[in-house]
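Working notes, beginning with the structure itself.
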Amino acid sequence: MALDKTYDPISVEKRWFPFWMQGGYFRPEKNPSGQPFSIVIPPPNITGLLHMGHALNNTLQDILCRYKRMDGYRVLWVPGTDHAGIATQNVVERQLQQQGIDRWQLGREKFVERVWTWRDESGRNIVNQLKALGVSCDWSRERFTMDAGLSRAVREVFVRLYNEGLIYRGRYLINWCPRCETALSDLEVEPHESDGQLYHLTYPRSDGKGSVTIATTRPETMLGDTAVAVHPEDERYRELVGQTLTLPVLGRQIPVIADTRVDKEFGTGALKVTPAHDFTDFEIGKEHGLPTISVLDEKARMTQEAGPYAGLDRYECRTKLVEDLQQSGALIRSEPYKIMLGRCYRCQTVVEPFLSTQWFVRIKPLAEVALAAVKDGRTQFFPTHWEKTYFAWMENIRDWCISRQLWWGHRIPAWYCGDCGEMMVSREDITVCTKCGSGKITQETDVLDTWFSSGLWPFSTMGWPDQTEDLKTFYPTSVLVTGFDIIFFWVARMMMLGLKFMGEVPFRHVYIHALVRDERGQKMSKTKGNVIDPLEVMEAYGTDALRFTLVALSAMGRDIRLSAERITGYRNFANKVWNAARFVLMNQVSGSKFQVPEKYEGLGLADRWILSRLHHTIREVRQALDDYRFNEVAALIYQFTWHEFCDWYLELSKIALESTDTGEQERTRAVLATVLDAVLRLLHPLMPFITEEIWHALHPDRTEDSIMVQPYPVFDLTLVDDEAEQRMGLLMDVIRAVRNIRSEMNLPPGQELTAIVIPKVETAETQLRSHEAYVRRLARLGEIRYQADGERPRGAALAVIEGAEIHLPLAGLVNLQEETKRLEREIGKVANDLAGVQRKLSDAKFVERAPEEVVEKERDRAAQLEEKRLSLEKSLARLRQIEA
RNA sequence: GGUCGCAUAGCUCAGUCGGUUAGAGCGCUUGCCUCACAUGCAAGAGGUCCGGUGUUCGAGUCACCGUGCGACCACCA
């Protein structure tokens, strides 16, 4: 198969995914004897479409999987999607809203059906987009957090935790979203600063002896006050403790109590205590045995307890109440005040602390084990500093509220008897009361936090609670690749639940990658309108270009700023690879298959050089992949391919290919093909499509085979050739020196020049002579003359390189004043460098204390610079003579 | 309030173990349609490595202080 003249990513990319799927290349069964390597995908929510974060996350995983597969591992990458309880429910609710109905009108059953329909569509879309990205999961193992198997795992975990007393049910103050009408965990509340008022209210003493002033940002909660608290050591209020106050408006008698949680410095030092609507107050209330009065309901409307304000929305109530308090004189003053408001992470509604009966996981025992597993290194974070974040959270963890008053999710496996009130938690559905035999049984209506099921993902997807082959082979997984935003939500929960139920960590490594931001460093969001859609990029530049860009920008511990220019740059790289391949293929003899020389015997200098450079690259690329330094992988391959293989070897190969020596031609063809083949394999995990396309063009007889299963290049020390690198270095220096002069002197590019070389080291002349053709071609020289040290040519431009002087006679070509200026500049630079080195060397302490080889290097360098300066100065003197 | 991260070329960023002359991409300047590629080739300009102090023969790199930015955590009403 020949390559088209122009690289068209779209047509290349659509071809290969079906090919890979049909060939079963993504399945671990393809390589049953390999060492296991496994990853579970962070299951995308079924709420919408793929965004740049997914593109990055999955590209990185795909790179690891493809690399390991090529390297002989038996790779399992488990795909799937997350039902994303509250998020998905909200999406479907919004759709209903557009049709003018709400979920209550539809009813629970019908609503859940609607969500399943949505899931079918959305899930399919997401999966298709992942496939378009080239994601090499084993799609035959695709899971969904609410499929039958995972639902069974959820029940099993719930029942076991309950039976062990690690799940309990009780009436506590929790975070409540009055729009979603559900409880939220602490993590699901996002604090945001907003403008508020600090109101100073005065509560009269019941005995008529004065009053106390308190400060609050939420005056409407005063209707639920059951005490006022002061600090026990606060002199101002010492005699007040134990007295009774009369709550304005409602006239309730409330005590003044002493509690150390009160900050003497804040406001007036007196705190109104509302146990039903504030977490601190709840604690204080519990300790002092205060009653809890809920004045807000589940929709954040005022309850009957709010007296005249019953039925009002919380903010309407605030406005009205403040007016009334002002009239009555209870409001002393109010001032603007910045307050932190907790908002629902899914709908941004201000959440309320709300007293209700919920289910909780007693988390400390689980957290301790999960903490230890990272401390002792059974699981390692990359970059390591995320471990601190993990530790801090685990050490201060609080019980996890797992019940949600939603309709979309795993229904909690608890049943209540309508007759005797018995509560039963069970793996199987319950129809008859186990205590009284009654058939009046109803199931708990609450569902589980969506993170409860995703916390089981690493083992539930492999068939747990059954002891499957997959579990035995692939658990613990090798690495988890995810963003830092879900370390607590997800990574921490998987650690705790994995250790609890599998007795071992869920993953050995956790690679935390960057957040993808826009080019100005802003978080991408629909409302800001700065979202770069991966699918649009893939259409415009190609999937390979997008993948390579994301990887190239993925420095550890740093956010990614994505810009169109960068993507263009890497699209150009793909094009470069394409054209290099076209050149290599063009020069293969038709019908004959390229042969790598068995022992690499009889190679030319350029061949030895490029193979040596290739193997340096192979070694470094592998090391970088093993260390998750993805950006370096990209940079190494880019640098080698473009600036060594294309810029130098391809150009040099043209000389050999034009030669009359058929052996040399043949050898060059083989090396070209060998290096290209290695580049393709190195690059394949990053750019899977273009490499597969070119690989097939290079191996026309292997149409059924795939680059996916070719070995990843292996470092071969015997091909590292320092001598070849040194010799090529000399040739490259000469070529660059001549090009530099030509360019600076503005000499016409087509004009052939004559160079006079004065070797400064013995080997230079032989080395240059033996590869003169290279130099003549790439530096466009007509003739190279060699001359012993002694009389210098007059009226010539000079370049001094390591090992030789290069003189280019310019008589009649340019104004020699140009060269004078150029030499003066050059001498300035050299003198500058030399001064620096000499300063160092003249420091006795440096010579004495620095390691021998460092000092030696400096001495060499000083000598070199000295010689260079001398040559340049002599040349300058000669020019001045001519001018004079 | 606590914790963590970041600050290097015009822009976006690399820089491993402290060691010669601090790199890349994009942008910019100059010259080239050289038969793989103008999505290209060649050459070049461009740096107070945020500021300060310290450790060291030697600091972009290590320590401390400061400044600026960002993120996360947190019950000051």
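Every chain is numbered from 1, with letters handed out A, B, ... down the list of sequences. The basis for the numbers below is simple: all heavy atoms, side chains too, and nothing from hydrogens, waters or symmetry mates.
In this structure, the nucleotide among B/G19, B/A77, B/U20 sitting nearest to the side chain of A/Val854 is B/G19. Listed nucleotides B/G19, B/C75, B/A77 differ in distance to A/Ala850; the shortest reach to its side chain belongs to B/G19. When distances run from any side-chain atom of A/Lys840 to the nucleotides B/G25, B/U20, B/G44, the shortest one goes to B/U20. Closest to the side chain of A/Thr280, out of B/C75, B/A14, B/C4, is B/C75.
Here A/Arg333 pairs with A/Glu335 under the side chain to side chain donor-acceptor pair (under 3.5 Å) rule; sequence neighbours left out. For A/Tyr203, there are no ring pair (Phe, Tyr, Trp, His ring centres under 6.0 Å) partners two or more places apart in sequence or in a different chain. Partners of A/Phe488 under the ring pair (Phe, Tyr, Trp, His ring centres under 6.0 Å) rule, at least two apart in sequence or in another chain, are A/Trp393. Not counting sequence neighbours, the partners of A/Thr216 by the side chain to side chain contact (heavy atoms under 4.5 Å, CB included) test are A/Tyr199, A/Leu201, A/Ile214, A/Arg218, A/Pro219, A/Lys272. Under the rule for a ring pair (Phe, Tyr, Trp, His ring centres under 6.0 Å), the partners of A/Tyr345 that lie at least two apart in sequence or sit in another chain are A/Phe489. For A/Tyr7, the ring pair (Phe, Tyr, Trp, His ring centres under 6.0 Å) partners two or more places apart in sequence, or in a different chain, are A/Trp578.
Among residues at least two apart or in separate chains, salt bridge (Lys or Arg N to Asp or Glu O under 4.0 Å) pairs with a member in residues 650-659 of chain A are A/Glu651-A/Lys654, A/Glu658-A/Arg777. Residues in residues 825-839 of chain A take part in these side chain to side chain donor-acceptor pair (under 3.5 Å) pairs, two or more places apart or across chains: A/Glu744-A/Arg825. Contacts classified as salt bridge (Lys or Arg N to Asp or Glu O under 4.0 Å) and involving residues 576-587 of chain A (residues at least two apart or in different chains) are not found.
Applying a 4.0 Å cut-off to non-hydrogen atoms, none of the residues of residues 539-551 of chain A approaches RNA chain B.
Of all the heavy atoms in A/Leu686 and A/Arg547, the pair that sits closest is O-NE, 3.1 Å.
Counting to the nearest Å, the C1' atom of B/C26 and the CG atom of A/Leu562 are 13 Å from each other.
A stem is defined here as three or more consecutive Watson-Crick or G-U pairs, each with both distances under 3.5 Å; for RNA chain B these stems are B:1-7 with B:67-73, B:10-13 with B:23-26, B:28-32 with B:40-44, B:50-54 with B:62-66.
As judged by a 4.0 angstrom heavy-atom cut-off over every strand, A/Thr389 is placed among residues making no nucleic acid contact. When heavy atoms are screened at a 4.0 angstrom cut-off, A/Phe266 is found touching base atoms of the nucleic acid.
Considering only side-chain N and O atoms, A/Arg861 lies under 4.0 angstrom from the phosphate OP1 or OP2 of B/U21. Here A/Arg736 does not reach the OP1 or OP2 of B/A42: none of its side-chain N or O atoms lies under 4.0 Å away. Contact annotation: A/His643 reaches the phosphate of B/G25 (side-chain N/O to OP1 or OP2, under 4.0 Å).
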Nucleic acid footprint by protein, nucleotides 32-41 of chain B - heavy-atom cut-off 4.0 Å, B for base, S for sugar-phosphate alone: --B-BB-BSS
